[in-house]
Visitor: 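Take this structure, written in structure tokens, and hold onto it; I'll ask about it next.
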Amino acid sequence: MKLITNGLIWRGPGTDPRHRLENILIEGGRITAVGPEVAREGAEVIDAAGMLVLPGLVNAHFHSPVNHMKGQLPSLPLELFMLYESPALEVLRPTPREAYVRTLLACMEMLRSGVTAVQDDAFFVPHPTPEIIDAVAQAYEDCGIRARLALDQSDLPEAAKLPYLADLVPPEWRAALAAPPAFGRAGLLECYDHLISRWHGAAGGRLRAAASCSAPQRVTPDYAAALQALAERHDLPLYIHILETRTQRAFGEERLGGRSLVHLADELGLLSPHANVIHAIWVDDGDLDLIARRGAVIAHNPISNLRLGSGVMRFRAIRDRAIPVALGSDEAIADDAVNMWAVAKMTGLIHNIGAADYATWPSAGEVLDCLIAGGHAAMRNADIGAIAPGQAADLALLDLDTLAFTPLNDLARQLVYCETGSSVRLTMVAGQVVFAEDRITTLDEPALRAEARAIAAGRREALEQAAAEVAPLLPAYREMYLRAAARDVGMNRWIGTGDGPC
Ligand SMILES: [Zn+2]
């Protein structure tokens with residue numbers, strides 16, 4: 001039982017520092033009372049004088065398996081980038097301890113900055129196993145964060161997933177690229193059985209499974225149907241990357257007779273209220289209407305979208321259709337920090353160049369709504385994200401005596417445009433204090449950082465070997481990308497392309 005005292009409670013953009021300070025009673029991981037007079041004998045007191053009490057942030061789209069690769073790659077388009085990050089090479093198979101430690105690297109960044117929940121669309125090279133799933137889930141259990149975990153794998157050959165490529169690769173690679181993954185649908189579904197039976201609802205419900213088809217062009221109809229059935233049976237979010245890149249729009253033109261990948265996803269039965277449509281950049285009005293009709297959520301990753309040159313999502317067109325928007329950092333080599341404050345700020349900035357009419361630009365309140373409520377909608381959390389009785393006690397306490405809030409002019413705008421995470425003094429998940437007094441209470445951070453460095457040093461050779469193995473493919477991938485870039489796809493989501501480099 002805990003009592004947070006004398007905090008300024010966040011109740012949306014109208015929250016004012018002149019409001020009365022209030023107390024929050026927390027019992028059994030939930031908020032049971034909020035108000036100026038709330039008290040309870042024997043409760044452990046957390047003094048929040050001078051602090052803002054904010055619902056914890058949500059990182060709604062993330063891939064933990066490359067947490068150790070921040071800063072590893074230059075900026076590259078997604079299709080080339082993925083050659084380096086996820087080739088199904090045996091040399092890249094992690095040990096369970098390696099997977100555990102690297103998962104915790106990002107958890108440390110998130111908990112320190114007030115992120116209380118994450119959706120991990122985890123891909124595993126060369127393929128998932130029960131031991132590796134256990135290692136990742138155990139990391140989430142041990143550090144105290146709330147997490148959804150999915151297995152982001154494809155069951156189609158590489159050449160089936162990308163336009164033009166089959167004709168462009170060197171002849172000696174053609175058979176390999178035309179072969180389906182050795183670890184196919186049956187093995188993947190067994191891994192889902194393990195994930196769900198062992199971890200779905202573990203740690204008092206803090207850990208839950210999710211389903212992932214990676215992307216509609218990366219799975220067979222049978223596997224897509226099996227994943228959708230899992231999502232419905234267990235009430236899981238279903239992660240699906242759609243139209244992140246121009247190359248993917250060109251794929252629809254070349255391979256689907258002009259239909260978009262949003263329509264392919266719908267034909268596969270994957271668009272529903274369970275769906276987290278990730279990126280949704282190269283979509284048209286018809287695609288957005290369909291996403292809205294099916295009740296799906298969109299996960300927006302504006303920093304990753306710039307790092308990989310993917311493009312600018314149509315934020316206002318999406319919000320105008322009342323499609324819930326959640327925010328994500330995406331993976332730690334495509335951000336490369338795991339900092340949701342930076343993601344929020346980018347969301348608040350990038351769309352200002354999307355339309356001349358400044359009345360359509362995102363407000364700070366809208367961005368915060370995406371960051372918290374949108375994230376919980378994506379996670380299918382019904383009772384998390386507000387400071388009210390009955391809600392889970394997932395909270396961040398921010399010191400208002402920091403430069404970010406000095407002087408305090410507008411709380412919502414300063415949260416979005418000034419805060420970097422450095423004002424967070426305490427993070428609580430399900431009533432457990434997981435970060436306070438500048439340390440994560442659940443982990444030995446210095447020891448884990450040292451171990452992560454040692455593991456990375458031991459892995460350097462394997463990463464170089466993997467890069468060397470895929471190097472002969474680079475010219476073909478570049479040519480594929482350039483062909484797609486030159487094809488008319490009836491829209492533009494890039495900027496600065498009109499008059500040459502800017
Ligand atoms: Zn992703």
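Note that these values count all heavy atoms, side chains included, but never hydrogens, waters or copies made by symmetry. Atoms within a ligand are numbered from 1 in the order they appear, just like the ligands themselves. In this text, all values refer to a predicted model and were calculated from it rather than measured experimentally.
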Visitor: Looking at the rings of H234 and H274, which for Trp means the six-membered one, are their centres under 6.0 Å apart?
Guide: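 No.
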
Visitor: So, are E479 and R483 salt-bridged, with charged N and O less than 4.0 Å apart?
Guide: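 Between R483 and E479 there is a salt bridge, with a charged N closer than 4.0 Å to a carboxylate O.
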
Visitor: Is the shortest side-chain N to carboxylate O distance from D335 to R307 below 4.0 Å?
Guide: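 The answer is no: the pair does not qualify as a salt bridge.
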
Visitor: Looking only at heavy atoms, what is the nearest atom pair of R206 and I145, with distance?
Guide: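 That closest heavy-atom pairing would be NH1-O, 2.6 Å.
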
Visitor: Relative to the Zn ion (ligand 1), how many protein N, O or S atoms have a separation of less than 2.8 Å?
Guide: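 Excluding waters, the total comes to 3.
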
Visitor: Would you please indicate if the ring centroids of H351 and H300 are separated by under 6.0 Å?
Guide: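 Under 6.0 Å, so yes.
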
Visitor: Pairing donors with acceptors under 3.5 angstrom, does anything connect the side chains of Q228 and E232?
Guide: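 E232 and Q228 do have a side-chain donor-acceptor pair below 3.5 Å.
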
